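Below is one structure, written out as structure tokens, with a few remarks after it.
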Amino acid sequence: MQVKVIFGEENLTEDIPENFTIKDLLKKLEIPSETVVVKKNEAIVIEEMLIQEGDTLEIIKVIFGG
Amino acid sequence: MNTCSKCGNPHIIIRRKHSGQNLCQECFIESINQKVLSNIRKTMLIEKGDKVLMALSGGKDSVVALHIMNSLQEKNVIDLVAVTIDEGIEGYREEGIEIAKANAKELGVKHRIVRFEDYFGRTLDKMMELDEINQNSTNPRHACTYCGVFRRWILNRVAQEEGATKIATGHNLDDETQSILMNYLEGNINNLIRIGPKTESRDERFTVKIKPLREIPEKEIGLYAIAADLNVHLAGCPYAGDSFRREVGQFIKELSENHHTIMYSTLRGFDKIKPVLKKEFTLKGNNGKCRRCGEPAAGELCKACSFLENWEQNL
Ligand SMILES: [Zn+2]
Ligand SMILES: [Zn+2]
């Protein structure tokens with residue numbers, strides 16, 4: 001299934017399998033999860049949250065230089 | 001299982017692995033406010049009537065600290081004034097200054113912007129250029145060394161100018177545990193015993209520094225900034241940081257994955273042994289005065305002035 005991912009200036013469309021969590025997505029994108037906050041359809045979510053078809057995920061980097 | 005431990009709200013934004021607590025957005029924000037205020041009370045960081053100078057870079061840590069400290073100003077417990085230091089880092093600092101300004105304005109906090117250039121005659125960028133030219137220097141320093149020394153000098157000077165009784169900084173739990181481990185591993189006991197919620201210098205001409213966010217993990221401060229919809233400068237300094245600090249930070253992060261309480265226990269253990277270390281290792285004397293700027297100094301010159309004189313001689 002397809003989801004929209006916003007990361008900084010980037011706007012991506014990602015193809016992901018069913019039952020994919022935020023954590024799985026971050027791993028796929030090689031983004032260390034301890035450095036970001038993720039919003040799913042504009043609400044902050046925990047990394048165990050399941051992603052659904054058509055979701056918009058915004059990944060906000062909050063920790064730098066670590 | 002997946003509802004807020006405090007109010008039952010099904011939409012949680014954090015699972016605190018160190019405590020097993022789940023929190024919704026509102027309860028998380030409230031829990032940080034309470035935790036910071038209770039730490040301030042517990043470690044006696046402020047007294048009623050203090051004038052607190054907040055070192056406000058515009059980054060998440062200092063902006064979150066400013067907002068929480070402002071709640072104490074609103075209750076008439078303290079007077080608050082913010083200072084933003086413009087080190088002169090092109091392409092990075094400008095945005096932080098604008099964001100710092102906007103936050104101070106929003107809260108109605110008095111705000112000053114002070115520049116390295118005005119106090120030291122050159123920006124940090126220029127200092128780094130000079131250093132490159134003076135390759136003769138036996139031990140090349142990285143930007144953080146200069147930045148730290150000159151920032152401390154300015155903060156202390158501005159605190160005096162403003163009549164501030166405390167200087168507050170945005171140091172978080174990650175910063176603090178890194179410092180503890182770094183100094184311990186390097187055997188730098190002198191610096192180790194200066195770590196704490198309240199950095200009392202051995203010289204009373206230095207204004208007392210306080211760290212209201214010392215027990216909050218960096219990740220939670222980032223989450224708070226987003227959850228409370230604060231205007232924060234999310235960017236990394238273009239100068240590569242202290243590489244040993246980065247390595248130690250990485251090591252602690254890796255450990256934390258399987259040992260969720262490791263940062264807290266490092267801090268607690270250190271706070272317990274610190275009084276003994278301090279009693280045993282505090283250096284006496286050294287209450288000199290820098291002949292150039294009049295600030296406290298161990299030798300004839302304070303660190304800031306010794307850098308400045310060194311450049312002048314090499315020009
Ligand atoms: Zn709640
Ligand atoms: Zn001096």
Side-chain angles (χ1 to χ4, degrees), chain A, chain B residues 1-2 4 9-17 22-26 28-29 59-61 63-64 92 144 172 174-175 178 217-230 232-243 245-254 256-257 260 263:
Chain A
M1 61 185 183
Q2 282 198 335
V3 292
K4 264 177 66 182
V5 177
I6 304 164
F7 183 42
E9 313 272 89
E10 290 173 87
N11 252 302
L12 320 161
T13 305
E14 280 293 317
D15 242 319
I16 56 164
E18 299 286 319
N19 290 317
F20 223 52
T21 64
I22 301 285
K23 197 177 186 161
D24 298 326
L25 176 71
L26 292 173
K27 202 172 273 172
K28 180 171 185 261
L29 297 172
E30 294 177 349
I31 298 169
S33 70
E34 72 278 1
T35 62
V36 296
V37 170
V38 182
K39 284 183 173 178
K40 180 172 116 99
N41 306 326
E42 299 188 353
I44 302 170
V45 289
I46 55 172
E47 55 181 32
E48 290 84 357
M49 181 62 102
L50 275 177
I51 300 173
Q52 271 131 7
E53 171 98 64
D55 276 347
T56 297
L57 301 145
E58 189 186 353
I59 303 170
I60 307 161
K61 190 165 165 64
V62 293
I63 297 183
F64 295 82
Chain B
M1 276 304 276
N2 280 326
C4 175
N9 184 329
H11 189 99
I12 59 168
I13 66 162
I14 184 172
R15 260 189 184 158
R16 279 191 173 136
K17 292 189 178 117
N22 295 332
L23 294 172
C24 70
Q25 187 151 333
E26 244 172 73
F28 169 71
I29 291 173
K60 63 183 188 317
D61 304 293
V63 168
V64 167
Y92 168 70
C144 295
N172 57 49
D174 298 50
D175 297 327
Q178 281 163 20
E218 182 171 16
K219 176 81 198 270
E220 291 197 16
I221 296 172
L223 183 60
Y224 182 103
I226 305 295
D229 205 14
L230 301 181
V232 292
H233 186 213
L234 294 173
C237 179
Y239 287 111
D242 177 340
S243 58
R245 177 175 286 274
R246 204 162 45 234
E247 281 174 65
V248 169
Q250 199 52 44
F251 168 67
I252 299 172
K253 270 202 183 91
E254 277 162 28
S256 295
E257 274 175 35
H260 306 309
M263 285 199 286

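Chain naming here is simple, since letters A, B, ... match the order of the sequence lines and numbering starts at 1 in each. Keep in mind the model is a prediction, meaning the values are calculated, not measured.
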Per-residue contacts, residues 19-41 of chain A versus chain B, heavy atoms under 4.5 Å: S33(A), E34(A), V36(A), V37(A), K39(A)
Rounded distance [0.5 Å steps], CE in M49(A) versus CG in N2(B): 8.5 Å
Contacting moiety of Q25(B), where chain A heavy atoms sit under 4.5 Å: side chain
Residue part contacting chain A, namely of K60(B), when any heavy atom lies under 4.5 Å: side chain
Shortest non-hydrogen contact between I46(A) and I14(B), atoms and distance: CG2-N, 3.5 Å
D229(B) CG to I44(A) CD1 distance, which is reported to the nearest 0.5 Å: 9.0 Å
Chain A contact via A225(B) - side chain, backbone, both or neither, heavy atoms under 4.5 Å: neither
Greater than 12 external heavy atoms within 6.0 Å of E26(B)'s CD: no
Which of G222(B), P217(B), G59(B) touches chain A most, by non-hydrogen pairs under 4.5 Å: G222(B)
